[in-house]
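Have a look at the structure below before the remarks.
Chain naming here is simple, since letters A, B, ... match the order of the sequence lines and numbering starts at 1 in each. Note that this is a predicted model, so its numbers are computed, not measured.
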Amino acid sequence: MDIILGHYNYWLVIIIMMAGFYTVISRGNLVKKIVGLNIFQVSVFLLYISIGNVKEGAVPIIEKGVTLYSNPLPHVLILTAIVVGVATTALGLALVIRIKEAYGTIEEDDIHNQDQSL
Amino acid sequence: MIESHLSLLIVVLPLLAAPVIAVLPNGRLPWAVSTFVSWSVFYLAAWQLMNVSSGNVISYELGGWAPPWGIEYRIDAANALVALIVSGIAALTLPYALKSVIKEIPQKQHALFYAAFMLCLTGLLGIAQTGDIFNLFVFLEISSLSSYALISLGKKRQALTAAYQYLIMGTIGATFFIIGVGLLYAMTGTLNMADLSQRLPELYEHRTIHTAFAFIMVGFALKLALFPLHLWLPNAYTYAPTVVTIFLAATSTKVAVYVMLRVVFTVFGFSFIENTPADELFLLLCVMGILMMSFYAIYQKDSKRLLAYSSVAQVGYMMLGIGLGSMLSVTATLVHLFNHALIKGALFMAIGALIYRVGSSRLEHFSGLGKQMPWTFTAIVIGGLSLIGVPGTAGFISKWYLVLAAIEQQHWLIVIVILAGSLLAVIYVWKLVEVLYFKQTNENSQYTSQQTHSKEAPLMLLIPMWVLVIANVYFGFNTELTVGTAEQAVKLLLPSVNQ
């Protein structure tokens, strides 16, 4: 029981990670792939944030009488990673719009067929 | 003043130049500024290499925060060599870019194109310079995001799908990498690579460290297109604008190989890798990659795609050196990193010159062009010989060291594969030569009217191409810079073997 409840944050991360990763691999719709990629990245954000938590630790703001703080560094790292994730999503969606203009579809199979028939 | 901030300036200069270039009016100005910046960075990188070539290490603290808390740029011979390759190729690609970009990219996008190019350069140089593993991720994403944008500027609509495919695979690779970094941080509490290397040995048995290692390796294997994770590469190189193909083929996979070296030898230490199946797996994948990708290259009908498959095979040679893990083999990897950048740079520039004249990269449209464009043709022949590894060219030196390393460890199968790979290279280089020189000009082709008028490529394309061709021959005879620096770097990368 302890291995499940004691590490519930990791289990959550793994479930979200696999859901996102599976979506990226299995979906043929280009927008859905980006959604999957986002879910995949969010799981990593959660992983970082949860390892930054120190048991019984307070919010990392200096205050009188508090000696144990959570580690703020992973949160800061993840702020950077979120920015990178937003940029990736924006660029990916911009590419999808251009693909839609060029091919008239955003289904991977249709795009593949159009390129083959040339 | 400049000298003390040298290692930071190399990264900051192109980073600051990018937004400035983006707001400049379209025309020649963005090109001129980015060329100037890339040459300044090249000069600084050469200066940096001179400072560390005797074996000392530059440690630069960003913002004055002492490592391991602050970000540290830690420059030794390996970093400096990679930074020199990246900035040198950029400095040669940009003069080439002027004419090629005018022909391939709409005028209104020129300023943005050069801005993205500068960002890509920033990212690649940052990866080479930094000594902080999370900072490395940030630079990795800067270079990746800008290269997705650059690839999507290709003329054909397939460029868009190629860029999209690369975006998905590249992001998965980068995300795997940060998962690994996160696990390392959870175990050690540090992100500084030098600090990690000291804290990791006592945790070698821990399963989390093994997981972290696996994530980082798979992540970067995607980035450097190690067979069988190379699927994004052929399309990306084929459909990207010529200048982008030249720059990425000569630098981006090389930088990823450097990261692999750094992670395997500095962060984890080879004694850790030896106890995992990773080194044998590398050897297996490299052997398969070299043979299969060289075969694939033979059957390609598009010149850029042919060279792209050859690039995947060549990445196999570099990773072989890491898998063997001896002083000689890592020297071979670093030397091949340098030499292959020269080879592929020269070859893609020559192919680019043909595309500039004919407007297509398909082999059948190149027939008979060799006689009309003798200088470009000669460049392809010399570059091709170097790719094969004929004595007297740079390619020979790196393959020689790799074969020596394989013989030293009695891996006879690998020796055979390296030689077989060279024989296969003879075939696909010959394919190019045959089409260019021995085929008659095809009268019925829609490209005929252009072909009969085709003459030698303009000087702006020929000069950078020939600088690289001459470098290919020069570094085939004078190995002081390449092998000398690589040996210095290996002393620091593999201290245990050295003693």
Among A:I111, A:V83, A:I34, who wins on heavy-atom pairs under 4.5 Å with chain B? A:I34
Determine the option with the most heavy-atom pairs under 4.5 angstrom with chain B, choosing from A:L30, A:V84, A:N71. A:L30
Given the options A:V24, A:L47, A:L73, which has more heavy-atom pairs under 4.5 Å with chain B than any of the others? A:L73
What class does the angle between the rings of B:H110 and B:Y114 fall in, given that below 30° is parallel, 30 to 60° is tilted and above 60° is perpendicular? perpendicular
Pick one of side chain, backbone, both or neither for B:L191, based on which atoms fall under 4.5 Å of a heavy atom in chain A. side chain
Mark yes or no for whether B:S152, through its side chain, and B:A149, through its backbone, hold a donor-acceptor pair below 3.5 Å. yes
Would B:N192 and B:R74 count as having a side-chain donor-acceptor pair, cut-off 3.5 Å? no
Begin with the C-alpha distance, continue with both residues' side-chain angles, and end with the deciding distance and a verdict on side chain to side chain donor-acceptor pair (under 3.5 Å) for B:S144 and B:K223. CA-CA 9 Å; B:S144 303; B:K223 275 283 163 196; 2.7 Å; yes
What I want to find out is whether A:E101 reaches B:R157 closely enough, with some N-O distance under 4.0 Å, to be called a salt bridge. no
Side chain, backbone, both or neither of A:Y103 within contact of chain B (heavy atoms, under 4.5 Å): both
Which atoms of B:Y185 come close to chain A, meaning under 4.5 Å heavy atom to heavy atom: side chain ones, backbone ones, both, or neither? side chain
Do B:S252 and B:L124 touch side chain to side chain, with heavy atoms closer than 4.5 Å? yes
Within the 6.0 Å centroid threshold, strictly below: B:F177 and B:F220: yes
Under a 4.5 Å heavy-atom cutoff, which of A:L77, A:I99, A:T88 has the most pairs with chain B? A:L77
Using a heavy-atom cutoff of under 4.5 Å, enumerate the residues of residues 36-43 of chain A that contact chain B, numbered in order, or state 'none'. A:L37, A:F40, A:Q41
Measure up the B:F176 and A:F21 rings against each other and bin them: parallel (under 30°), tilted (30 to 60°), perpendicular (over 60°). tilted
Just by distance, with hydrogens left out, do B:D302 and B:S361 show a side-chain donor and acceptor under 3.5 Å apart? yes
In terms of heavy-atom pairs under 4.5 Å, which option from B:L183, B:I168, B:T161 contacts chain A the most? B:T161
Applying side-chain contact (heavy atoms from CB on, under 4.5 Å), run through A:V35 and A:T23 and close with a yes or a no. CA-CA 8 Å; A:V35 172; A:T23 314; 5.7 Å; no
